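Read through the structure below, which is laid out as structure tokens, and then see the notes.
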2 protein chains.
Amino acid sequence: MLHVAEAARVSVATVSALINGTATVSPELSQRIEQAIRDIGYKRNAIARSLKMGTTRTIGLTVPHITNPFFTDVVSVIQQAFDRAGYAVMLCCTDEDLNTQDDQIRLLLDRMVDGLIVARVGDGAILKGIVESANVPVVLLDRVCEGVDTDTVVLDNQRAVFDAITYLIDLGHRRIGYITGTFDISPMHDRMAGYREALQAAGLPVENELVRFGNFHEVDGYNATMQLLSLHDRPSAIFSANNPMVIGTMKAIRDIGLSCPQDISVACFDDFPWSDVFQPQLTTVSQPVQAIGEQTANLLLDRLAGNRDAPPRKLTLKGRLMIRNSCRPLGAVAQSVSA
Amino acid sequence: MLHVAEAARVSVATVSALINGTATVSPELSQRIEQAIRDIGYKRNAIARSLKMGTTRTIGLTVPHITNPFFTDVVSVIQQAFDRAGYAVMLCCTDEDLNTQDDQIRLLLDRMVDGLIVARVGDGAILKGIVESANVPVVLLDRVCEGVDTDTVVLDNQRAVFDAITYLIDLGHRRIGYITGTFDISPMHDRMAGYREALQAAGLPVENELVRFGNFHEVDGYNATMQLLSLHDRPSAIFSANNPMVIGTMKAIRDIGLSCPQDISVACFDDFPWSDVFQPQLTTVSQPVQAIGEQTANLLLDRLAGNRDAPPRKLTLKGRLMIRNSCRPLGAVAQSVSA
DNA sequence: AAAGGGCGGTGAAACGTTTCGAAAAATGAC
DNA sequence: GTCATTTTTCGAAACGTTTCACCGCCCTTT
């Protein structure tokens, strides 16, 4: 900018005024400056600007895994929204690891991001500390966090799983295997509650042997399914609480020589783009990813626009059960249901 | 830092020296400073540091679509690699749009990223200009760019498609439909060349009506397939040059009342994590995403480590044909091939 | 003709670091 | 005890912006 000012024989203040439109600059000078900018190929240094202005027009976004299609889609929507608003997005993947998450959030805050969207991982205590000491707005995505009172966008997980399990019960299933991630994140907790609630509403027992834990990955779904299928009295249906794990479930069913839905019914959380093309077409709980991404972005953009003091807003969206052909009616009930 | 210096009764220079370890600081002062840092909760301002140092420890990464599983995986690997090296990653999705790409690259350069990884889109001319005027290292990912002489990581696309088409020919297919994206990016060009080469090697004609263009999206694959299937003499196999489009192909086949592989064989570029679990199990060209991501990251990290003057390096990796059950042997040849 | 009011332009301070040369202190050699 | 040498500490400039107070100038108005 100094060079531009010299070339145009004006002061840097005038160049700044013209570039930012913060003051009127006479036509002659404007022209000289614009010419100089072109000649020199001047680009404003956003770092220096950020230092002075205290704003980077960058937000931080942390998700557990970008390869989980749910997060992929949400990240994509969020990225687009901030792109439109002239913000850059720094993406971090925490790999469901608490320390990684802490490091990355600190990294983002050091870089003075203007806002933070986090699909948190692990215990809320540390996150709470970090979030409170930083004075940037934070939006929690997909996962609420006890004690952290800030804008949040989540799904009504309990209801969604309740509907899915109730559907299986209506089909005649009585022993329904359930594969969950660890309970330290709210969706897993709430989804489990939906499972419980549905069984209890139907007067069925909640049997511990039918509930298996995994660490969100395909291999965990595989192992959990193997365990479920080798039970003495094996379940007739399996619900997987997330998307990567259900791939493992399908592989385990295949490897053990069974087939879905003939021998075992399968449903899961999170829809896939290809779920109604390949066989079996999985029955899933579909999250409104577009809406989730947009609402999340809007909450943060609203804070960034200056609305700092409004009380925390919590948005709860509804999932939708996508019924396909991976669950079959069982026994006598079959007729009445499929009719 | 000023506050820390005052609280510890030292100069800011000493604080800086201690934090960065750039000079030895006596034990007493060290202790006073560390205490002050804790008391105040001081965090170094990375923006001010960047301004002074001329380095942001941030890289920019632009890809066409993050929802394309190939890019999702590669982005994930790259993100991890830079995370380990202490760099942040700014992610941009260009949506296969040239103007968006230009804007985003400019945005990234304004923010003084230390390096750039771009899976380019559209014509290379503008990119070339941008890349040359910026003095940051650039690595081209997945797509070479005429006239831009810089580090590049690509697949041997022609060979990979040659192998795939040859496989179909060996199965007895003679009329093989081919769905491609636009030729302004090198992979589409090279893959088409592989298709041509395979047909010619087998003495088969390259028929224009069997080649359809799409814009990389599912809907394009759907439309292209619809056209292919309504040809008077319809193809017995279809190869889709990217991953999202093959979903459209499968939907079109279903909607038209045909089934794969009984009525029509299908193969495509890019593997899916679930491709060997659901039916039909697609025969695909699998890219070594882990290697691609790592090599790309390594090339850039090497430049960032100071190796600026080495001549441009071009890495070409090999794809692998994953033969599954979505392509069936045709006619008399079937016996000899499957034997 | 003098005073008041816009308007266009500018100099310089500030943002929070790093770094360099110099000052100050400590150490060692005689 | 003095001088030379090494070690530790510091002041101040610099990075590239924005912004604020101020200064002329010209146009009105009285």
Side-chain angles (χ1 to χ4, degrees), chain A residues 1-37 40-58 86 88 106-114 134-136, chain B residues 1-37 40-58 86 88 106-114 134-136:
Chain A
M1 182 177 275
L2 181 60
H3 299 116
V4 171
E6 283 170 356
R9 304 186 307 281
V10 299
S11 78
V12 290
T14 310
V15 178
S16 177
L18 176 65
I19 290 178
N20 298 304
T22 50
T24 49
V25 177
S26 70
E28 307 102 295
L29 291 204
S30 297
Q31 187 153 3
R32 290 221 304 268
I33 294 171
E34 277 160 4
Q35 185 62 46
I37 287 177
I40 297 185
Y42 166 78
K43 291 273 163 209
R44 176 165 68 189
N45 182 324
I47 296 293
R49 178 166 222 261
S50 293
L51 176 61
K52 184 63 187 164
M53 305 275 280
T55 168
T56 52
R57 287 197 86 78
T58 301
R106 263 191 279 267
L107 180 96
L108 291 169
L109 291 177
D110 282 357
R111 279 175 171 68
M112 305 244 311
V113 290
D114 291 343
N135 53 355
V136 301
Chain B
M1 183 176 273
L2 181 61
H3 298 116
V4 171
E6 282 171 356
R9 305 188 306 283
V10 299
S11 78
V12 290
T14 310
V15 177
S16 177
L18 177 65
I19 290 178
N20 298 305
T22 50
T24 50
V25 177
S26 69
E28 306 104 295
L29 291 204
S30 297
Q31 188 154 2
R32 289 220 305 268
I33 292 172
E34 277 160 4
Q35 185 63 45
I37 287 177
I40 296 184
Y42 166 78
K43 291 272 163 208
R44 176 166 67 189
N45 182 324
I47 296 294
R49 176 165 222 261
S50 295
L51 177 61
K52 183 64 188 163
M53 305 273 283
T55 169
T56 52
R57 287 198 85 77
T58 301
R106 261 190 281 267
L107 181 96
L108 291 169
L109 291 177
D110 283 356
R111 280 176 169 69
M112 305 242 313
V113 289
D114 291 343
N135 52 354
V136 301

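Chain letters run A, B, ... following the sequence lines, proteins first and then strands; every chain starts at 1. Since we're looking at a predicted model, the values are computed, not measured.
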Count the heavy atoms of every other residue, nucleotide or ligand shown that sit under 6.0 Å from CD of A:Glu6, and state whether that count exceeds 12.
-> yes
For B:Ser26, report the nucleic acid contact type (base, sugar-phosphate, nothing); a contact means any heavy atom under 4.0 Å.
-> sugar-phosphate
Of the candidates C:dT17, D:dG16, D:dT19, the side chain of A:Ala13 sits closest to D:dT19
Of B:Asn45 and A:Thr14, the one whose closest DNA chain C nucleotide lies more 5' = A:Thr14
Protein-nucleotide distance (B:Leu2, atom CG; C:dC15, atom C1'), rounded to Å = 12 Å
Using whole Å, report how far CG of A:Leu18 lies from P of C:dG9.
-> 10 Å
CA sep, side-chain torsions, deciding dist, call: A:Val136, A:Asp114, side chain to side chain contact (heavy atoms under 4.5 Å, CB included) | CA-CA 6 Å; A:Val136 301; A:Asp114 291 343; over 6 Å; no
Might you confirm whether atom CD of B:Gln35 has over 12 heavy atoms from other residues, nucleotides or ligands at distances under 6.0 Å?
-> yes
Please state how far atom CD in A:Glu28 lies from atom C1' in C:dG8, giving the value in whole angstrom units.
-> 10 Å
A:Arg111 and B:Thr58: side chain donor to acceptor below 3.5 Å | yes
Please report, rounded to the nearest Å, how far the P atom of C:dT17 is from the CD1 atom of B:Ile37.
-> 10 Å
Where the side chain of B:Thr24 is concerned, which of D:dT8, C:dT17, C:dG11 is the nearest nucleotide?
-> D:dT8
Measure from CG on A:Asn20 to C1' on D:dC20 and round the result to the nearest Å.
-> 15 Å
More 5' along DNA chain D: B:Val12 or B:Leu51, using each one's nearest nucleotide?
-> B:Val12
Exam field: side chain B:Asn45 to backbone B:Ile47, donor-acceptor pair closer than 3.5 Å | yes
Under 4.0 angstrom between B:Arg49 side-chain N/O and D:dC15 OP1 or OP2 | no
Could you give the NZ-to-P distance, from B:Lys52 to D:dG16, as a whole number of Å?
-> 9 Å
In whole Å, what is the span from the CE atom of B:Met112 to the P atom of D:dG16?
-> 8 Å
Which part of the nucleic acid does A:Ser16 contact within heavy-atom distance under 4.0 Å: base, sugar-phosphate only, or nothing?
-> base
Nearest-angstrom distance from the residue atom CZ of A:Arg57 to C1' of D:dT18 | 16 Å
So what does A:Leu29 hit on the nucleic acid, given a heavy-atom distance under 4.0 Å: a base, only sugar-phosphate, or nothing?
-> sugar-phosphate
